[in-house]
Amino acid sequence: DLGFTSEKPGTAVGRYKLMEQIGEGGMGTVFVAQQERPIRRKVALKLIKPGMDTKAVVARFEAERQALAMMDHPNIAKVLDGGATESGRPYFVMERVPGMPVTEYCDEAELDTNERLELFVSVCDAVQHAHQKGIIHRDIKPSNVLVTLHGETPVPKIIDFGVAKAINRELTEKTVFTGHGQMVGSPLYMSPEQVAISGLDVDTRSDIYSLGVLLYELLTGATPFDRETLKNAGVDELRRIIREDDPPIPSARVSTLNAGLLSTASDRRKIDQRKLSQSLRGELDWIVMKSLEKDRTRRYETANDFAKDIQRYLNDEAVEACPPSKSYRLRKFARRNKTAITTGAVVLLALVAGFGVAAWQAFRATQA
């Protein structure tokens with residue numbers, strides 16, 4: 001059973017022959033495919049699920065294609081080709097990366113915090129390269145950041161650059177939830193502006209937010225928002241959570257893990273579980289939370305700025321990120337509790353006015 005795809009191993013898709021299915025997600029199915037011409041090689045071919053507007057998808061991809069061709073970075077998998085099948089389904093052909101998601105690799109290799117940070121800096125460098133070429137990823141998540149080994153050296157590679165824009169995925173009930181209410185897409189890694197109904201243009205700082213979620217997960221073993229909570233939330237509530245709720249800082253998130261998860265997280269990072277939260281407290285908390293700011297003007301301006309602050313931490317230098325000021329936290333509290341504060345203010349004013357009238361009447365009575 002290949003889910004929603006009618007194409008199967010042995011089927012020809014353009015110049016490519018499907019060999020084996022290696023993945024399936026909310027937006028499509030991925031195959032290893034054999035390219036026969038103009039050169040013979042194995043590639044990764046992603047078939048987009050039925051129901052997409054094929055002409056629009058292919059047109060958006062063609063518009064992005066020149067910029068994609070200009071990208072040349074060791075940590076970015078090349079997007080080689082794209083088109084539509086005979087049955088009218090869009091497909092994308094990418095460099096085949098025989099690796100595993102970065103979070104899984106870090107856990108299996110039991111990388112400590114500093115080793116994870118060094119690997120993450122390479123990911124930031126790749127995102128910076130893409131941004132300089134005018135390409136925004138829009139869907140950075142562990143399954144799109146694969147780690148492959150060159151000898152004994154782990155090399156992260158970002159896949160699917162350009163695909164998210166071509167698909168033009170928007171956070172709607174149709175694209176986020178299936179008919180059975182199961183979550184698809186990547187709301188866990190989406191920035192607040194990506195889920196906004198206003199359709200605010202997404203810029204490079206949306207990728208900064210997604211990188212922040214990825215770093216949060218690399219450090220703590222959990223995402224900022226609980227997976228099950230978002231899965232069970234309706235679309236409006238999901239939007240509200242991502243746009244309004246502040247996730248716990250990484251050190252606090254670790255302290256809320258149950259005993260089993262905490263033990264696993266500390267073992268995979270080669271640190272005593274009592275010291276894991278302490279190791280994240282302070283500068284790492286500040287760096288991560290700066291990247292996760294709801295207001296994108298308060299995030300790191302570029303992926304390079306993000307990487308530099310991590311490098312400062314690794315070099316025992318002062319980082320640029322810092323905890324938000326008391327006045328900023330107070331303003332955020334006021335915005336979150338606008339109705340209650342307004343009601344309280346009205347009540348307080350009424351009480352003050354009532355007290356003033358009573359005092360004036362008492363004063364007049366005393367004079368009389």
Side-chain angles (χ1 to χ4, degrees), residues 75 99-128 140-149 152-158 188-189 208-227 247-293 299-300 303-323:
N75 300 114
M100 64 176 70
V102 61
T103 47
E104 291 182 23
Y105 171 80
C106 289
D107 286 348
E108 284 199 15
E110 295 185 352
L111 300 189
D112 63 27
T113 296
N114 281 10
E115 290 169 331
R116 289 167 187 252
L117 290 172
E118 287 165 359
L119 203 61
F120 184 77
V121 166
S122 298
V123 177
C124 288
D125 289 343
V127 172
Q128 177 71 19
I140 294 172
K141 57 185 177 181
S143 60
N144 279 338
V145 183
L146 304 180
V147 176
T148 185
L149 291 176
E152 294 185 359
T153 304
V155 178
K157 282 225 176 193
I158 306 176
L188 283 165
Y189 302 89
I208 302 299
Y209 181 95
S210 299
L211 283 170
V213 179
L214 179 59
L215 180 57
Y216 192 111
E217 190 170 5
L218 285 170
L219 295 177
T220 68
T223 48
F225 296 114
D226 181 67
R227 192 177 299 271
I249 59 177
S251 59
R253 185 78 165 95
V254 166
S255 64
T256 64
L257 296 176
N258 64 46
L261 291 176
L262 179 57
S263 176
T264 300
S266 57
D267 288 346
R268 287 172 172 171
R269 289 156 182 79
K270 294 186 291 191
I271 187 172
D272 185 281
Q273 57 184 281
R274 292 170 296 182
K275 295 181 180 178
L276 180 55
S277 176
Q278 184 180 349
S279 71
L280 303 177
R281 195 170 300 136
E283 291 173 325
L284 287 179
D285 277 338
W286 304 343
I287 289 172
V288 172
M289 298 312 288
K290 181 176 177 66
S291 67
L292 295 179
E293 282 280 0
R299 295 177 206 151
Y300 290 103
N304 193 38
D305 291 338
F306 197 175
K308 281 183 177 178
D309 227 11
I310 292 171
Q311 200 61 58
R312 289 188 193 96
Y313 171 82
L314 291 170
N315 295 341
D316 285 327
E317 299 170 0
V319 302
E320 289 191 352
C322 59

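Here the structure is a predicted model, which means the values were calculated and not measured. This chain uses plain numbering: 1 for the first residue, then up along the sequence.
- With sequence neighbours excluded, the residues satisfying side chain to side chain contact (heavy atoms under 4.5 Å, CB included) with Q278 are R281.
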Give the table of side-chain donor-acceptor pairs shorter than 3.5 Å for residues 256-264, with sequence neighbours excluded, one pair per line with atom names and distance.
unit_1, atom_1, unit_2, atom_2, d
T256, OG1, R253, O, 2.7
N258, OD1, G260, N, 3.1
N258, OD1, L261, N, 2.8
T264, OG1, G260, O, 3.0

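- Residues that satisfy the side chain to side chain donor-acceptor pair (under 3.5 Å) test with D305, not counting sequence neighbours, are T302.
- Contact annotation: the side chain of N114 approaches that of Y313 to within less than 4.5 Å [non-hydrogen atoms, C-beta and beyond].
- Evaluation of the side chain to side chain contact (heavy atoms under 4.5 Å, CB included) rule for E118 yields L314 as partners, not counting sequence neighbours.
- With sequence neighbours excluded, no residue satisfies side chain to side chain donor-acceptor pair (under 3.5 Å) with N75.
- Considering only residues two or more places apart in sequence or on other chains, F120 meets the ring pair (Phe, Tyr, Trp, His ring centres under 6.0 Å) condition with F306.
- With sequence neighbours excluded, no residue forms a side chain to side chain donor-acceptor pair (under 3.5 Å) with Y209.
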Could you go step by step and tell me if V288 and T220 meet the side-chain contact (heavy atoms from CB on, under 4.5 Å) rule?
-> CA-CA 11 Å; V288 172; T220 68; over 6 Å; no

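- Partners of I271 under the side chain to side chain contact (heavy atoms under 4.5 Å, CB included) rule, at least two apart in sequence or in another chain, are S266, R269, K275, L276, S279.
- In terms of the salt bridge (Lys or Arg N to Asp or Glu O under 4.0 Å) criterion, E115 has no residue partners (sequence neighbours excluded).
- Partners of D112 under the side chain to side chain donor-acceptor pair (under 3.5 Å) rule, at least two apart in sequence or in another chain, do not exist in this structure.
- Summarising the geometry, atom CD belonging to E320 is positioned 7.5 Å from atom NZ belonging to K290; distances are rounded to the nearest 0.5 Å.
- Rounding to the nearest 0.5 Å gives a distance of 9.5 Å between CG of D272 and CG of D267.
- Of the possible donor and acceptor atoms, one in the side chain of S210 sits under 3.5 Å from a partner among the backbone N and O of Y189.
- By the side chain to side chain contact (heavy atoms under 4.5 Å, CB included) test, T103 is found to be paired with P101, P142, L214, E217, L218, residues two or more places apart in sequence or in another chain being considered.
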